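Scroll down for the structure; my scribbles are underneath it.
Predicted model, so just to flag it, every value in this text is computed and none were measured.
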Amino acid sequence: MLWQVAALDRALRDPDPGELSRWFPALRHVPVDILDPPAQRRLLATYVEEWRRYPDPRVSSFLDSEPLEEVGRSD
């Protein structure tokens, strides 16, 4: 799970919006009427930030030190 959250953290920080679906191709199959791409990004960013707050120092070694800010808000 730490690999997953670290990969999400990296993909969400990438300026290329396609990076997220390259790491997690199954996201291409989520119906946009259920969860559009900006909403997907916000949901996944929330997941990453929840892990960042987990009180075990090993978790922080997998994640970027800066929190994700407003990911997907400008899409």
Inset, instruction - Give the ring-plane orientation class for Y47 versus W51, where under 30° counts as parallel, over 60° as perpendicular and anything between as tilted. - result: perpendicular
Legend entry - Distance-minimising heavy-atom pair for Q4 and F24: O-CZ, 3.9 Å
Inset, instruction - Would you mind checking if D14 and R10 are paired as a salt bridge, meaning a charged N to carboxylate O distance below 4.0 Å? - result: no
Legend entry - Partners meeting side-chain contact (heavy atoms from CB on, under 4.5 Å) with F62 (sequence neighbours left out): L2, A6
Inset, instruction - Find the distance between CD (E49) and CG (L8) and round it off to the nearest 0.5 Å. - result: 11.5 Å
Legend entry - Closest non-hydrogen atom pair, V32 against P37: CG1-CD, 4.0 Å
Inset, instruction - Could you pull out all residues at least two apart from P15 that satisfy side-chain contact (heavy atoms from CB on, under 4.5 Å)? - result: none
Inset, instruction - For R52 and D64, indicate whether the former's side chain and the latter's backbone hold a donor-acceptor pair under 3.5 Å. - result: yes
Legend entry - Distance, nearest 0.5 Å, that separates CG of L20 from CZ of R41: 6.0 Å
Inset, instruction - Could you tell me whether the side chain of L44 reaches within less than 4.5 Å of the side chain of L27, counting heavy atoms only? - result: yes
Legend entry - Rounded distance (nearest 0.5 Å) linking atom CZ of R42 with atom CG of L68: 13.5 Å
Legend entry - Pairs where residues 19-32 contributes a residue and the test salt bridge (Lys or Arg N to Asp or Glu O under 4.0 Å) is met, not counting sequence neighbours: D16-R22, E19-R22
Inset, instruction - Could you pull out the closest heavy-atom pair between P57 and S60, with the gap in Å? - result: O-OG, 2.9 Å
Inset, instruction - Evaluate side chain to side chain contact (heavy atoms under 4.5 Å, CB included) for L43 paired with T46, printing each intermediate quantity in order. - result: CA-CA 5 Å; L43 177 70; T46 298; 5.5 Å; no
Inset, instruction - Identify the two heavy atoms, one from V48 and one from L12, that lie closest to each other, and give their separation to 0.1 Å. - result: CG2-CD1, 4.2 Å
